[in-house]
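Remarks on the structure that follows.
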Amino acid sequence: MTHSYIFDLQRFNGGAAGGAGGGSGAGDGAASGGAQPGQEATPAAGEQVTKTPEQMEADFKALISGEYKDQFTKEAQRIIDRRFKQARTTQEQLQGRLDSHQPIMDLLAARYGVEDGDVGKIQQALESDSAVWERAADDAGMTVEQYRQMQRLELENRRLREAQRQTLQQKMAQQQLARWHGESEELAKDYPGFSLESEMQNPAFQSMLRAGVSMRNAYESLHMEDIRDDISKKSAKKMADTVRANGSRPSENGGSSGVSYTTDPAKMTKAQREDLARRAMRGEVITFGK
């Protein structure tokens, strides 16, 4: 994907105006706009320049190592910190599960004489212990070997089902993220102040999304007062602009009645704006002085 950029080439003039009194050969070449041998033609001012991916990558590197170096470094560090935090949480959860299983493993190691506690050795000893399987095999009407084989197949099936479940969950999560991304873009069109990253810091917003509430409904329910106030301000401003544009108008009974305000509608309270809107709908002429 390529992007187009418009440059003010006068910024790169190199003081050409100051060198106007130089040799006529260079001046003629600049006036004609033709490129000198071995030089690329310079686009005219205002002309769109399509950059190659290599040029765009060079510009990006220049930005992150120059003017926006500090901002880029902070953002990169924020992402790294978040990833490490997630990794630490996962590691702590896994360690907790291992710690809870350790007493059982110690008992099995003592039972089968596995002094170093090697899990592989414990598993091998357990599978070779016919006494463990005989009663269960008898109850199932099988030989010990048949029962072991059945248990192995069931274990493999459980692992397969678990892998399928995790794959399905990951797919559903990716689809949900894609839907949320699309919803956030639509919301941003209607509410310029909307930020999905900021809203996701709100536990109530997260809970509503997890419960299946649409992103629009979740946002509007949590910000209803702000949205209403914003609509009221815009309506009052629109009404004031209309009155200023059209001037006063006669009332329905042939007379004219109205009132003029010097207060900026945007600074009025919500109740004042709603009152003015109702009066204007009844035909009262309301003007706003400067």
Side-chain angles (χ1 to χ4, degrees), residues 1 3 60 63-65 67-105 158-238 264-277:
M1 178 178 180
H3 297 269
F60 174 73
L63 286 173
I64 64 175
S65 62
E67 182 178 1
Y68 295 99
K69 179 179 179 180
D70 293 341
Q71 289 79 2
F72 176 78
T73 302
K74 290 179 181 178
E75 180 64 16
Q77 188 61 50
R78 186 184 68 81
I79 294 173
I80 293 172
D81 291 343
R82 185 177 63 201
R83 294 289 175 83
F84 272 116
K85 182 178 179 180
Q86 293 173 346
R88 284 196 300 270
T89 300
T90 301
Q91 183 177 5
E92 290 171 358
Q93 292 173 346
L94 291 174
Q95 188 61 48
R97 293 183 63 182
L98 290 175
D99 292 342
S100 66
H101 296 164
Q102 191 59 46
I104 298 175
M105 299 304 297
R158 284 197 299 269
R159 289 173 177 171
L160 178 60
R161 288 195 298 269
E162 178 62 20
Q164 291 174 339
R165 185 187 66 82
Q166 292 181 0
T167 300
L168 180 60
Q169 283 185 339
Q170 291 176 355
K171 182 178 180 180
M172 292 175 64
Q174 291 173 352
Q175 291 174 344
Q176 182 63 72
L177 289 174
R179 284 195 295 270
W180 284 347
H181 180 70
E183 289 181 26
S184 68
E185 290 184 338
E186 292 299 320
L187 265 178
K189 293 177 183 178
D190 295 335
Y191 304 108
F194 170 79
S195 168
L196 179 57
E197 183 176 358
S198 297
E199 293 301 322
M200 289 302 289
Q201 304 302 316
N202 185 348
F205 185 79
Q206 291 187 27
S207 298
M208 294 177 75
L209 292 184
R210 293 194 186 101
V213 178
S214 71
M215 187 175 294
R216 178 176 293 274
N217 288 342
Y219 178 77
E220 290 179 345
S221 64
L222 293 173
H223 297 273
M224 184 58 67
E225 289 300 321
D226 293 335
I227 293 173
R228 286 177 177 172
D229 190 55
D230 185 57
I231 293 175
S232 180
K233 288 181 180 179
K234 290 179 179 178
S235 298
K237 185 178 184 304
K238 183 177 181 180
D264 186 345
K267 297 180 181 179
M268 290 182 172
T269 65
K270 180 180 178 182
Q272 288 175 324
R273 292 193 295 271
E274 291 177 347
D275 179 61
L276 290 180

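Keep in mind that this is a model prediction, so the values were computed, not measured.
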Legend entry - Set of residues satisfying side-chain contact (heavy atoms from CB on, under 4.5 Å) with respect to Q174, sequence neighbours excluded: none

Legend entry - With sequence neighbours excluded, residues passing side-chain contact (heavy atoms from CB on, under 4.5 Å) with R228: M224, E225, K270

Legend entry - Contacts of F194 that satisfy ring-ring contact (aromatic ring centres under 6.0 Å, His included) - sequence neighbours left out: Y219

Legend entry - Short side-chain to backbone donor-acceptor contact, Q272 and T269, under 3.5 Å: yes

Legend entry - salt bridge (Lys or Arg N to Asp or Glu O under 4.0 Å) against R78, all qualifying residues, sequence neighbours excluded: E75, E197

Inset, instruction - May I ask you to check whether over 12 heavy atoms, not counting those of Q86, lie within 6.0 Å of atom CD? - result: yes

Legend entry - Heavy-atom pair with the smallest gap, counting every atom of L196 and M215: CD1-CE, 3.7 Å

Inset, instruction - Locate the shortest heavy-atom distance separating L209 from A218; write the atom from each residue and the value. - result: CD2-CB, 4.5 Å

Within this structure, what is the [atom1]-[atom2] distance for the pair [X] and [Y], rounded to the nearest 0.5 Å?
X    : Y    : atom1 : atom2 : value
N202 : Q206 : CG    : CD    : 8.0 Å
I79  : Q77  : CD1   : CD    : 10.0 Å
M208 : S214 : CE    : OG    : 8.0 Å
E183 : N217 : CD    : CG    : 9.0 Å

Report, one line per pair, each donor and acceptor closer than 3.5 Å where one atom sits in a side chain of residues 185-193; sequence neighbours left out.
from	atom 1	to	atom 2	distance (Å)
E185	OE2	H181	NE2	3.1
E186	OE2	K189	NZ	3.3
D190	OD2	R216	NH1	3.1
D190	OD2	R216	NH2	2.8
Y191	OH	E220	OE2	2.7

Inset, instruction - Would you please say whether a donor-acceptor pair under 3.5 Å links the side chains of Q166 and E162? - result: yes

Legend entry - Student check: side-chain heavy atoms of M200 and S195 closer than 4.5 Å: no

Inset, instruction - Indicate yes or no: at least one non-hydrogen side-chain atom of Q169 is less than 4.5 angstrom from one of Q164. - result: no

Inset, instruction - Among residues two or more places apart or on two chains, list those pairs meeting salt bridge (charged side-chain N to carboxylate O under 4.0 Å, His left out) that have a residue in residues 80-103. - result: none

